[in-house]
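To start, the structure under review is shown below, and the notes come after it.
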Amino acid sequence: MSNASMDFDELSYQILLCANRGHPNIDFLVSVSKLLLSFLNCDALEIWLNEGNKCSRWCGTQNPMRFVRLDDVPVETLLTVLKNGATWTNNPTEAKGSSSKQHQQAMIQGITISKEYLSIGVFPSTIDEDDTSLLIIKRRNPGYFSSKSVALCNNLSRLLAMAATFQRVRLAQKERVKELTCLYEIEKSSSQLEMNLDMIIERIAACLPPAWQYPEITWAKIVLDGKEYATKKVGRERHAMSADIIVEGQTRGYVEVIYGEGKPDIDEGPFLKEERSLIDVVAREVAHVIEQKKTEADRKILLEQLRHADRLATIGQLAAGVAHELNEPLGGILGFAQLAKKHDALPPAVERDLEKIENATLHAREVIRKLMLFARQAPPRKTRVDLNKVVEDGIYFFEARCAKTGIRLKRSFEDKLIDIVADAAQLNQVLINLVVNAIQAMPDGGTLTISTSERNNWATLQIADTGIGMSEDVLNRIFDPFFTTKDVGEGTGLGLPVVHGIVTAHGGKLEYKSKPGHGTQCEVRFPAAGVLEHEQKKKRK
Ligand code: ADP
Ligand code: MG
């Protein structure tokens, strides 16, 4: 019965070789069924494979040489056959093996067989629980099965089961390796700092086709914000699987893998379920890279802002230097102009000219004073001040604004507050910045409480609002120059850094307490005048 050109050993070798390739299941089954058809010299065969809860069925015919996938059946059908064992007949009307009644309807073990086949054999095999298979051999002529050929078919069925298991494991292993290689490549590309987003996404797209089952007919496409990154197109689009790229809850595009040739169905169309999880992971990775690049860009902007601040400071120093240089000669010009003006019997025209010189010089001095203020080089003019008075004077200007925005202004001043040594103008700056922040935090109204108190020789100013409050994150950054959560025009992010600078320069302390939705409390403390003077004396000694 068997084909003389190949013996059993050679056939086993060829079949195992097919399994070892780890090609997609269909390719494996086509090769194996060709080998079996020719070896057994039969007209048709079926291969059934256990696939978890279902059983896939494949049918090959010799003449014409064809191979098709049949409908799946429940795995129980396969398991029943397995329980009953091998069955064969050389003529359905006089069956051997199990009950002969079944065969009259051209059924064997509940499996319908086309009436054109007279010799039919059903040979199940099992490797373990998950790996069971069935080989059905069909021939048009009667009398195909002898005890020798039945033994051979049983052996072949077992060999097939073994090879199918091997194939399954090999395929899974190959898929896993491809998947890991792909992920590794993606990880490698995305961590390359010097590459821009375009380059990284192009690279990721290039990693995809080799990770799919049929690399030679596969191409990949990543679409991000309408821009397309694709690998070389192969054939016409026949099957596609895709996953959305979601960045911060927003769909920004998708990753797509396309087959340029028709392929039989497996899990999701012709795609494996592993390929579905891989493409999902890739889409997430792309989103991650986008986020990373954005953070990087944000950091660059921040750095640029800091450099800008640094430049400002340098310009400030320069301005202060120039101002200082100009102050001297200006003083001279002013002094001499004023002196000259005192001269008797000056012609009126000269007197007018001298007046012009004096006014121009005074104007120039004012400009220089402002320049020094900008550079914050103007030394604080510290005097003994009453914090209560500074605060009272300062908030006077906010009363109207508070009333307009529905903010209740509550004052609570300590009766006899100790004096502090401070620059009143700078204290005013502190107050303005803190009050403006509080007002801005209460766009829908609320209560602004301003109080002063004294504890352990420290004068304390407290400003509390019932506004939006701050998260831990924001709270950690409020003193960073240029940190703002406000719109352009509303905030510069310079208020609190300046406040911090002034308070520190006065030997004071600044403390914030805040929770989102629960308002903010700010406390500024200054040492009492006596204490400071006492310490300064100690230092001098
Ligand atoms: P700006 O007011 O220009 O944004 P600031 O340095 O004054 O800059 O404040 C920095 C940030 O601190 C603000 O953008 C805001 O997020 C937060 N902040 C300051 N004060 C308050 C407050 N009273 N309530 C809520 N958030 C505040
Ligand atoms: Mg502010």
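In each ligand, atom 1 is the first atom listed, and ligand 1 is the first ligand listed.
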key: Pair Glu399 + Arg411: basic N to acidic O under 4.0 Å   = yes
message = Checking a contact table here: which protein heavy atom is nearest atom 2 (O) of ligand 1, and how many Å away?
response = Lys486 NZ, 2.7 Å
remark   = Looking only at protein heavy atoms, what sits closest to atom 7 (O) of ligand 1 is Asn437 ND2, 2.8 Å
key: Asp465 CG to Gln521 CD distance, which is reported to the nearest 0.5 Å   = 7.5 Å
query = Is any side-chain N of the basic residue among Lys188 and Glu185 closer than 4.0 Å to the acidic one's carboxylate O?
reply = yes
query = Is it true that Glu179 and Arg176 have a side-chain N and a carboxylate O under 4.0 angstrom from each other?
reply = yes
request  = Return the number of protein N, O or S atoms with a distance to the Mg ion (ligand 2) smaller than 2.8 Å.
outcome  = 1
key: Sub-4.0 Å atoms of ligand 1 with respect to non-hydrogen atoms of Leu496   = 5 (P), 6 (O), 7 (O), 9 (O), 19 (C)
task = Check the surroundings of atom CD in Glu325: do more than 12 heavy atoms from other residues, nucleotides or ligands lie under 6.0 Å from it?
result = no
Pair Glu355 + Arg352: basic N to acidic O under 4.0 Å = no
message = Evaluate Thr520 for polar contact with ligand 1, using N/O atom pairs at a separation under 3.5 Å.
response = yes
query = With a cut-off of 4.0 Å, which atoms of ligand 1 are near a heavy atom of Ile478?
reply = 6 (O), 12 (O), 17 (C)
message = Quick check on contacts: which atoms of ligand 1 are under 4.0 angstrom from a heavy atom of Thr484?
response = 1 (P), 4 (O), 14 (O)
task = Take every heavy atom of Gly467, measure it against each atom of ligand 1, and state whether any distance is under 4.0 Å.
result = no
task = Using a strict 4.0 Å cut-off to heavy atoms of Gly469, name the atoms of ligand 1 that fall inside it.
result = 25 (C)
query = With distance as the sole criterion, is a donor-acceptor pair present between the side chains of Gln213 and Glu175 under 3.5 Å?
reply = no
ask   = Regarding Ser412 and Ser451, is there a side-chain donor-to-acceptor distance under 3.5 Å anywhere?
value = no
ask   = Is any side-chain N of the basic residue among Arg276 and Asp280 closer than 4.0 Å to the acidic one's carboxylate O?
value = yes
note = For Met470, the atoms of ligand 1 under 4.0 Å from one of its heavy atoms are 17 (C), 18 (N), 21 (C), 25 (C), 26 (N), 27 (C)
query = What is the nearest protein non-hydrogen atom to atom 15 (C) of ligand 1, stated with its residue, atom name and distance?
reply = Thr485 OG1, 3.4 Å
ask   = So is Asn433 in contact with ligand 1, going by heavy-atom distances below 4.0 Å?
value = no
More than 12 heavy atoms from other groups under 6.0 Å of CZ on Arg170 = yes
request  = Answer yes or no: are there more than 12 heavy-atom neighbours, outside Tyr512 itself, under 6.0 Å from its atom OH?
outcome  = yes
